[in-house]
Peer 1: 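Can you read through this structure? Questions will come right after.
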Amino acid sequence: MRYSFLSLARNALTGHRDWPPAWRSPEPRASYDVIIVGGGGHGLATAYYLAKDHGITNVAVLEKGYLGGGNTGRNTTIVRSNYLLEANAHFYEKSMKLWEGLSEDLNYNVMFSQRGVLNLAHSDAQYNAFGRRGNAMRLNGIDAELLDRDQVAAMVPDLDCSPSARFPVRGGLLQPRGGTARHDAVAWGYARAADARGVDIIQNCEVTGLIRVGGRITGVETTRGVIKAPKVGLVVAGHTGHLAAMAGLRLPIESHVLQAMVSEPLKPVLDTVVTSGAAHGYISQSDKGELVMGGDLDFYNSYGQRGNAPALEHVVRSIVTLFPRYGRVRLMRFWGGIMDMTMDGSPIIGTTPVDGLFINGGWCYGGFKATPGSGWVFAQTLAKGHPHRLNEAFSLDRFASGHAIDEKGAGPIPGAH
Amino acid sequence: MLLIPCPWCGPRPQTDFTYGGDGTVVRPAEDAPQAAWADFVFVRDNPMGPHRELWHHSAGCRRWLVVERDTVTHDITGSFKPGEVPS
Amino acid sequence: MTTQSFRNAEGGLIDRATPLDFTFDGKAFQGFAGDTLASALVANGVRLVGRSFKYHRPRGLIGAGVEDPCGLVRLGAGDRAEPNTRATLTELFAGLTADSQNRWPSLKWDASALTGLAGRLFPAGFYYKTFISPQVLWPTYEKIIRAMAGMGTCPEGPDPDVYDDRFAHADLLVVGAGPAGLAAALAAGRLGQRVILAEQDMRLGGDLLAANRSIDGRPALDWVADTVAELEALPDVTLLPRTTVFGYHDHNLLAAVERVTDHLPHAPAGLPRQRHWKIRAGRVVLATGAIERPLVFADNDRPGVMLASAARAYVNRWAARPGTRAVVVTNNDDGYRSALDLQAGGIEIAALLDTRPEGGGALAQMARDAGLSPRHGMAVARALGGHAVTGAEITALSGGGATETVDCDLIAVSGGWAPTLHLHSQARGKATYDESLTAFVPTDPKQAHESVGAAAGDLTLAGALAAGSRAGGDDTLAPPADDHPAAPIQALWQVPKPPSGKGKRFVDIQDDVTAEDVALAHREGYESVEHLKRYTTLGMGTDQGKTSNVNGLAIMAGLRGQTIPAVGTTTFRPPFTPVTMGTFAGREAGHHFAPIRRTPLHARHDALGAVFQTAGLWLRARYYPLEGETMAEAVAREASHVRRIGGMVDVSTLGKIDIQGPDAADLLNRFYVNGFKALPVGKCRYGLMLREDGIVLDDGTTTRIGDTHYYMTTTTANAVTVMRNLELYLQVHWPDLDVSVASVSDQWAGVALAGPRARDLLARVADIDVSNDAFPFLAYREGAVAGIPARLFRISYSGELAYEIHVPSDFAPALWDALLEHGADLDIRPYGTEAMSTLRIEKGHMVIGTEIDGRTTADDLGMGRMVSTKKPFIGHVLKDRPGLTEGGRKQLVGLVPVDKRTPIPETCQIVKPGVVTGRDPVPIEGHVTAGTFSPSVGHPIALALVKDGRARLGETLHAVSPTTRVRVPVTVTSPVFVDPEGERLHA
Amino acid sequence: MPDLARASARASALATVSRPGVGPDCGVRLSERPADALVQVAVPAAARAAVADALGHALPDPLTAIDIPGKSTRLLWVSADQWWVEARDGTAPADLAARLAAAGARPTDQTQARVVVHLAGEHTRDLLAKGWALDLHPRAFPAGACAQSSLAAVSVMLAAVGGGAYDLYIPRSFAQSLWDWLLDAGAEFGVGVD
Ligand SMILES: Cc1cc2nc3c(=O)[nH]c(=O)nc-3n(C[C@H](O)[C@H](O)[C@H](O)COP(=O)(O)OP(=O)(O)OC[C@H]3O[C@@H](n4cnc5c(N)ncnc54)[C@H](O)[C@@H]3O)c2cc1C
Ligand SMILES: NC(=O)c1ccc[n+]([C@@H]2O[C@H](COP(=O)([O-])OP(=O)(O)OC[C@H]3O[C@@H](n4cnc5c(N)ncnc54)[C@H](O)[C@@H]3O)[C@@H](O)[C@H]2O)c1
Ligand SMILES: Cc1cc2nc3c(=O)[nH]c(=O)nc-3n(C[C@H](O)[C@H](O)[C@H](O)COP(=O)(O)O)c2cc1C
Ligand SMILES: [Zn+2]
């Protein structure tokens, strides 16, 4: 049943008793053409584009828990393509373009809200660096505006822009087309659309082993039995290292926890996504009214999916320092997600030394915005057996060959994005 | 906040330390091939479970220590001076 | 002023001698000390307190404590307003003002309630199904949705209050001061343990405050008073009322918030508003009690439908009657206790319904003895009324659905008790479903904690006292109590719709989630409890589903045909109840967000009118403007003064490291790309460090000040990193090297003296021979400068004849004064970091962050020749990877504007001349790293990283900044604009 | 040659901070107590005895500080094989360092790297507990204990000197900032400066 205002009204008359399931709950078949491990946004998007763009519909998405229960379901939903380095810029901009038509494409409102993403600069040096990035974006065909302090103050009135602030606001880099999206809806929308094209989405099915014969992948072992496929794509975010180890691969990845939090719901107070690298915090307001906030990693390896107090406190300190008006607002929930941090802060999307095994991971804390683009290039990579032009640079061997894509210049430390 | 036992100072809050990552990777011989060096610098086991890792007691005695910690439960089962880590 | 017409003349833990005036929605009321805002509203007969999240339905109080989902008000006004504040948790004080939320124009007549009428159009998740095409219209709809959603409004301005942090340590932390918690604290306290007892309520006593119970044959409150008095007298016991433990973190760290002044009409000066306790506990006793569950029936959200335990709490603790005529409905024995207490409190019991077909334990008998006649197998099918309950449609659960109507203004419901296991779960403990309780109970603790009393699923008072004492370390302490054998509870997750089909059956009353929404989620495949939660928003409100989660998942279990434990719970997350951001931030926000580092010369710069700049945590003197001067003018003046005459600049922020030991030279040789083994005593050398991946990390000079003694300087930015690296390699990778390192960044201050007259000045103040022969470029001497013991270096960042003078920090002002005084007639003047930057750009020297940007190699920066091929050093292998050595890499060059006039902004990227910047991507040739007006060459210059730049000298390119609409044709040049031969250095 | 007297003119890092007077109900009293010499010394195991000889006292155990009886000298443990020697008897840092070097140790002068602030008064522990995560209960941190940790995000050394008083060794560049914090955080108890 297509979703629309009309169908909603029609169903209202019958007490909403006739809505079909958004996706089926099929039993796994013995074999598929492609198995996608991981039912997050990226895995589901990959399945969708495999079916839609490449006509490959004999596909299973295997999810150990519930759809979208990984980082897709726990991220702060910031969507942007404001990158300095060319490989990043072109890839994320492709993703941005897909976002701009995604609700219609999926027939599911993912609430993509282009309210602007504003990075605050707190010194001349940072302002200049942002300027260089903004100009690189413009040369790469991406929207960017460099704002001075007064423009920032006008755009975000609650921000402390006084010169006496501990880290005074100097200006900011705005990407007007950036914004947020309703994270769960992205997973559900892709799942529904992929299912409609014949993809089997199998929840509560954990992959416990990767079956190899003579250096080739032939299938997976799962908690629901063995499932065969000549091509397997790992799209498991924080668990990439864990899954790759099942195929004997060690990766330039560490898993770390990133925390996020929401306040109690408020009437609209903040219309832009605001981030401050110097203060290590970012904030936006969801359509439901909560202030959604996050910051830095906890900075130690963890699969705990829960955080610890210091990182959390640091985020709130920075937000209250930037936005003194929010001091009395209460937080109602905080949580963590497991990030697959690479050694240069950029993702890995492509082939592996194991034939038939493909990886899409290493998203660090910025992969939500990549969801459509990632699915799109990965579908192509799986279908053709080699990367698309847009993900060529994100290869696994770039570290050994000296082609790291180090947006922050932080070096081989798994903490940057 | 984790409570990390420093072999020199005793249990101290996590905020007094700086994390140093996997403590099992060994710096290769200077004349080892490039690939071995790339492995040392970039590639990690990243285990789910017990993990031996380096921490620097930066706000305390400024010594590096090796901590054995479970990456799922965060339970700490050992803390050693480098060079005295049991195998 | 309305009188407290629903207040009983006697009883309750209120102080009738202390009346307190307050207003709600502008109307004046009175309550008593000891009241909460909620109990005072009840005492005044106020039923309607708010509007619901989605349908804007009228809402009243449902609970009396943390569980209440609906009584949310905006407390206070202006900058001190507090949105979404729970009336049940707000202690009344004189002058309190509160307003209802989420309604317009008034609470009674809320225009948005129309959405409720069209409610059928807005089932769970309706927004996913509509506003889809055309996508460009979504922003318009979104605005409307955002305005409708949300609850309270943010305070108007910056929070004027102060919050505090507080670390604490205890052998035992007891959470909750009900009978179980008090007993635990007492037992442990008597054993001499360090105990902290935290209780969210303003009073200690827990459930006993609201119940007519007896302990040891005496009123239970006497036992409470005695216990509290004894605890107060124990020196190592800390009692923390008004303190909610909200987070249970790893390694037994618990976070709590103490509301220090919220209950005071005027906060005393100096006191923080709220305190953030971080308690590291040896052991934790969770005595957090249990929360009663409501029943799900049609229109169960009407003001006047209330948890039975809440109704009895209002009557017992506050002597306030939540109604005059009540229908009580229960599926367990405890409902009888409520009915008895309500009756004793002067409320007529119109009907007492027990959903169980028969039975009831001792309490049921007591009810019968008291003249109540319970009706079995009956439930409320629907509440009647609008802004307040006017009656109940009751029905037999097994019958054909026939209903009868009972007039009443209160429906007291008891659906059973659920242990408050939030903290246990946060600490990774498991929750197991207990059939006999129809609730999850805590099992399998993962840290050093245990749950006792109602929190552990034991609902008896004697059990609570016994378990508490045992957990406190003494199981002989527990006194006996008045418990009554109870009959089993009945699992009843929803009452069927009334035959009329009318009404909404709310599961989550705050977020307006109904049993029908749960069914819809199930039908559409959102059947995992996590999907249910996210699709319908069940349990996502400010109460986090304290009264709704179990009902919701039980209904889902029924739809799925599975057991409740098979369906599972959602994850418990902190905070237990919402906590202000101010508390989280504590004192280290705003001005104290990050400590400030000041150089020893800070006051001197200040006195000279310097403009400061933040650099990491440091404040540095950026320039010293003369009256009416712009920054650019001041900088050009300062820089040119250095080149023509001489200047001095504070370089105290450099990292400084003392290195000693027989293997020190070897260590340096391994850290720097260039050789350090042959450096003689009394000499400095510039060095470059790489990361292991072959990228440049840092640069600086290191001086051999003794045979096995070196003094290293690092950049300001990397001081911490380099020091930590030295320790890492010495302690972990190269333990065989015998070297000691110590940071001396704070011990030594540095002043660089630069320019043609630098030597003249130094000669006047230093006690050493500073002639070029005696003290040549890169020499080091110790001596006295102006009588101050100093380390003197002939090094130069500016490219001038220059010296660095390092003195112990406390002497820096004296040094500075002496240089100014003795340099006055030479016209030596201070310059700031900005002029220093101009001077370094003129010389093509690089800095961290722009040229050394974490991606550049030594060769990119033109330093390839420095890199030794004869020895290993950090990064020596990976620097040779193909990606770092192939053609097409960006190399450091200089840029000069073709017109020799137009400044080259530091924001610029670089393109080829013909390239048109518009919507389409264009090739980028490089970027500007630094630009300035060069007083020495008389026009703007810049440094840049340009693809294959060294091979493109003389080529014309364009520096462009589309964001600021700048395009400057530039010529590629050498990065060294001044004195390429270094004659000035060696002069 | 200019005025040599200047050399003795040490300028305190706290020269410009505010110094509220001590009132009758000050819960905390602060005073600045500059050391004449504070030398950090790395002592190779082989040199321990010689160093103890040179100091006239054995080097203290980990996490302890000792005031050498009869001398105005305090020894503080700072790390594995590292101590601070703090003299308040007019000893010049260079002389102390020379003595230690002669005994085979590796001294580093830190006299002016740290600002020493003495805290006393009944609410001293309450004040410190606002930013110091370690347990200061006399059972856990008795007189003679010392520890390095963070106080309000600044790494400091804290020594319990008896009578509920503490000496705080603050890195010089942070001293003013931390001083401001102490005054703010202490407002609740009343802070005075001796
Ligand atoms: C707190 C936080 C904030 C963030 N903020 C942002 C942001 O603002 N903007 C942004 O762009 N990005 C952000 N991110 C990052 C972003 O969420 C992720 O990069 C992105 O969602 C990854 O999507 P995914 O589909 O690859 O992974 P996931 O959504 O994690 O999906 C992977 C799935 O694999 C499943 N899986 C794992 N192991 C197995 C197995 N053995 N068998 C079967 N299934 C398995 C998991 O259960 C999971 O559902 C944030 C992340 C977090 C945690
Ligand atoms: N028979 C029944 O059905 C029934 C049901 C419920 C309770 N009870 C009675 O309740 C009593 C149970 O005693 P108890 O001591 O276990 O519980 P309690 O309810 O008396 O006390 C729990 C206390 O913990 C506090 N608390 C909860 N979470 C907190 C937090 N995070 N931080 C700070 N404080 C927190 C509460 O405010 C409360 O005061 C007994 O008297 C029992 O008979 C009986
Ligand atoms: C953007 C965003 C908004 C959220 N808003 C709410 C909210 O309004 N209420 C709530 O209880 N949780 C909210 N959450 C948090 C979820 O409840 C949940 O904690 C998170 O998805 C992680 O899942 P887990 O806690 O089940 O592990 C939100 C999460 C995200 C990512
Ligand atoms: Zn230590």
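Chain identifiers are assigned alphabetically (A, B, ...) following the order of the sequence lines, protein sequences preceding nucleic acid strands; residue numbering begins at 1 within each chain. None of the values given here were measured: they were computed from a predicted structure.
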Peer 1: side-chain hydrogen bond (donor to acceptor under 3.5 Å, both in side chains) between C:Thr85 and A:Arg330: does it pass, once the steps are laid out?
Peer 2: CA-CA 9 Å; C:Thr85 302; A:Arg330 280 179 289 251; 2.9 Å; yes

Peer 1: Dump the intermediate steps for side chain to side chain contact (heavy atoms under 4.5 Å, CB included) on A:Leu266 and C:Met151, then the final yes or no.
Peer 2: CA-CA 5 Å; A:Leu266 298 171; C:Met151 296 271 277; over 6 Å; no

Peer 1: What do you reckon, are the aromatic ring centroids of A:Trp188 and C:Tyr128 less than 6.0 Å apart?
Peer 2: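 Ring-ring flag for A:Trp188/C:Tyr128: true, centres closer than 6.0 Å.
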
Peer 1: Less than 4.5 Å apart, any side-chain heavy atom of C:Glu524 and any of A:Pro20?
Peer 2: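 When only atoms from C-beta onward are counted, A:Pro20 and C:Glu524 do not touch, as no gap falls below 4.5 Å.
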
Peer 1: When heavy-atom pairs shorter than 4.5 Å are enumerated against chain C, which of A:Gly289, A:Gly131, A:Ala144 gives the highest number?
Peer 2: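 Between A:Gly289, A:Gly131, A:Ala144, the count favours A:Gly131.
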
Peer 1: Do C:Asp159 and A:Pro324 have side chains that get closer than 4.5 Å, going by heavy atoms?
Peer 2: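 No, every pair of side-chain atoms sits at 4.5 Å or beyond.
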
Peer 1: Okay, side chain of A:Asn109, backbone of C:Thr130: is any donor-acceptor separation there less than 3.5 Å?
Peer 2: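 Here the side-chain-to-backbone pair exists.
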
Peer 1: In Å and rounded to the nearest 0.5 Å, what is the NZ to CZ distance from C:Lys129 to A:Arg2?
Peer 2: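 Result: 14.0 Å between the selected atoms.
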
Peer 1: Would you say the side-chain atoms of A:His16 pair up with the backbone N or O of C:Glu516, donor to acceptor, closer than 3.5 Å?
Peer 2: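 Not confirmed, A:His16 side chain does not pair with C:Glu516 backbone.
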
Peer 1: Taking C-beta and beyond as the side chain, do C:Gln135 and A:Ser103 meet within less than 4.5 Å on heavy atoms?
Peer 2: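 Side-chain contact under 4.5 Å: yes.
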
Peer 1: Got C:Tyr526 and A:Tyr66 here, is their nearest side-chain heavy-atom distance under 4.5 Å?
Peer 2: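 The answer is no, as the side chains (C-beta and beyond) never meet within the 4.5 Å cut-off.
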
Peer 1: Quick one: salt bridge (charged side-chain N to carboxylate O under 4.0 Å, His left out) pairs with a partner in residues 577-590 of chain C, sequence neighbours left out?
Peer 2: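 Applying salt bridge (charged side-chain N to carboxylate O under 4.0 Å, His left out) to every pair that reaches into residues 577-590 of chain C, excluding sequence neighbours, yields A:Arg317-C:Glu588, C:Asp164-C:Arg587.
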
Peer 1: Between the main-chain N or O of C:Ala149 and the side-chain N or O of A:Lys288, is there a donor-acceptor pair closer than 3.5 Å?
Peer 2: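 Judged by distance alone, no pair lies under 3.5 Å.
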
Peer 1: Dump the intermediate steps for side chain to side chain contact (heavy atoms under 4.5 Å, CB included) on A:His403 and C:Leu884, then the final yes or no.
Peer 2: CA-CA 7 Å; A:His403 294 91; C:Leu884 301 189; over 6 Å; no

Peer 1: Let me know if C:Glu156 has heavy atoms under 4.5 Å from chain A in its side chain, its backbone, both or neither.
Peer 2: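 The answer is the backbone of C:Glu156.
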
Peer 1: For C:Asp853 and A:Lys408, run salt bridge (charged side-chain N to carboxylate O under 4.0 Å, His left out): C-alpha distance rounded to whole Å, both residues' side-chain angles, the deciding distance at 0.1 Å, then the answer.
Peer 2: CA-CA 8 Å; C:Asp853 67 358; A:Lys408 288 267 158 68; over 6 Å; no

Peer 1: A:Leu84 vs C:His927, test: side chain to side chain contact (heavy atoms under 4.5 Å, CB included). Steps then yes/no.
Peer 2: CA-CA 11 Å; A:Leu84 172 72; C:His927 64 272; over 6 Å; no

Peer 1: Salt bridge check: are C:Asp250 and A:Arg306 linked by an N-O gap of less than 4.0 Å?
Peer 2: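 The answer is yes: the pair qualifies as a salt bridge.
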
Peer 1: Identify the heavy atoms of C:Ala81 and A:Arg328 that sit nearest to each other, and give their distance.
Peer 2: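 The answer is O-CD, 3.5 Å.
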
Peer 1: May I ask you to check whether C:Gln544 and A:Arg333 show a side-chain donor-acceptor distance below 3.5 Å?
Peer 2: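 On atom types as modelled, these side chains qualify, holding a pair under 3.5 Å.
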
Peer 1: Quick check for you: among A:Asn308, A:Leu312, A:Val320, A:Leu322, which has the greatest number of heavy-atom pairs under 4.5 Å with chain C?
Peer 2: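 Option with the top pair count is A:Asn308.
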
Peer 1: Centroid separation under 6.0 Å, is that true for the rings of C:Phe584 and A:His314?
Peer 2: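 So the answer is no for these two rings.
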
Peer 1: Kindly check if the number of other-residue, nucleotide or ligand heavy atoms within 6.0 Å of CZ (C:Arg523) is above 12?
Peer 2: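 Counting other residues, nucleotides and ligands, CZ of C:Arg523 exceeds 12 neighbours.
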
Peer 1: Give the member of A:Glu264, A:Arg24, A:Met261, A:Arg138 that has the highest number of heavy-atom pairs under 4.5 Å with chain C.
Peer 2: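 Counting heavy-atom pairs under 4.5 Å, the top option is A:Glu264.
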
Peer 1: Please determine whether side chain to side chain contact (heavy atoms under 4.5 Å, CB included) holds for the pair C:Ile132 and A:Asn107, giving the CA-CA distance in whole Å, both sets of side-chain angles, and the decisive distance to 0.1 Å.
Peer 2: CA-CA 7 Å; C:Ile132 294 172; A:Asn107 180 234; 3.8 Å; yes

Peer 1: Hey, would you say the C:Phe131 and A:Tyr3 ring centroids sit under 6.0 Å apart?
Peer 2: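 Not close enough - the centres of the two rings lie 6.0 Å or further apart.
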
Peer 1: Taking only Lys NZ, Arg NE, NH1 and NH2, and the carboxylate oxygens of Asp or Glu, determine whether A:Arg115 and C:Glu142 approach each other closer than 4.0 Å.
Peer 2: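 Looking at A:Arg115 and C:Glu142, the cut-off is met.
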
Peer 1: Between C:Arg622 and A:Asp124, does any side-chain N to carboxylate O distance fall below 4.0 Å?
Peer 2: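 Salt bridge flag = yes for A:Asp124 with C:Arg622.
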
Peer 1: Which one of A:Ile319, A:Val315, A:Asp271 has the most heavy-atom pairs closer than 4.5 Å to chain C?
Peer 2: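 Highest number of pairs under 4.5 Å: A:Asp271.
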
Peer 1: Would you list the pairs meeting salt bridge (charged side-chain N to carboxylate O under 4.0 Å, His left out) in which at least one residue belongs to residues 100-113 of chain A, sequence neighbours left out?
Peer 2: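 Checked against salt bridge (charged side-chain N to carboxylate O under 4.0 Å, His left out) - neighbours excluded - the pairs reaching residues 100-113 of chain A are A:Lys52-A:Asp105, A:Glu100-A:Arg177.
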
Peer 1: For the side chain of C:Glu530 and the backbone of A:Gly69, is there at least one donor-acceptor N/O pair under 3.5 Å apart?
Peer 2: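 Absent.
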
Peer 1: Check this for me: does any side-chain nitrogen of one of A:Glu313 and C:Lys278 sit under 4.0 Å from a carboxylate oxygen of the other?
Peer 2: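 Counted as a salt bridge, because a side-chain N and a carboxylate O are separated by less than 4.0 Å.
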
Peer 1: Just by distance, no angles: are the side chains of A:Asn135 and C:Thr963 close enough, under 3.5 Å, to form a donor-acceptor pair?
Peer 2: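 Yes - a donor-acceptor pair under 3.5 Å links their side chains.
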
Peer 1: Counting heavy-atom pairs closer than 4.5 Å to chain C, which one of A:Met293, A:Glu145, A:Met111 comes out on top?
Peer 2: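 With the most close heavy-atom pairs to chain C, the winner is A:Met111.
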
Peer 1: Counting heavy-atom pairs under 4.5 Å to chain C, which of A:Arg17, A:His90, A:Met343, A:Arg133 comes out on top?
Peer 2: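 The residue among A:Arg17, A:His90, A:Met343, A:Arg133 with the greatest pair count is A:Arg17.
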
Peer 1: To the nearest 0.5 Å, what is the distance between CG (A:Asn11) and CZ (C:Phe126)?
Peer 2: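 One finds 15.0 Å between CG of A:Asn11 and CZ of C:Phe126.
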
Peer 1: Taking the side chain as every heavy atom from C-beta outward, state whether A:Gln114 and C:Pro139 have any pair of such atoms under 4.5 Å apart.
Peer 2: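 No. Closest side-chain heavy atoms not under 4.5 Å.
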
Peer 1: Please report the shortest heavy-atom distance between A:Arg166 and C:Leu617, naming the atom on each side.
Peer 2: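 Smallest heavy-atom distance, with atoms named: NH2-O, 3.4 Å.
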
Peer 1: Quick one: what part of A:Ala89 sits under 4.5 Å from any heavy atom of chain C, side chain, backbone, both or neither?
Peer 2: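 Contact with chain C is absent: no heavy atom of A:Ala89 under 4.5 Å.
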
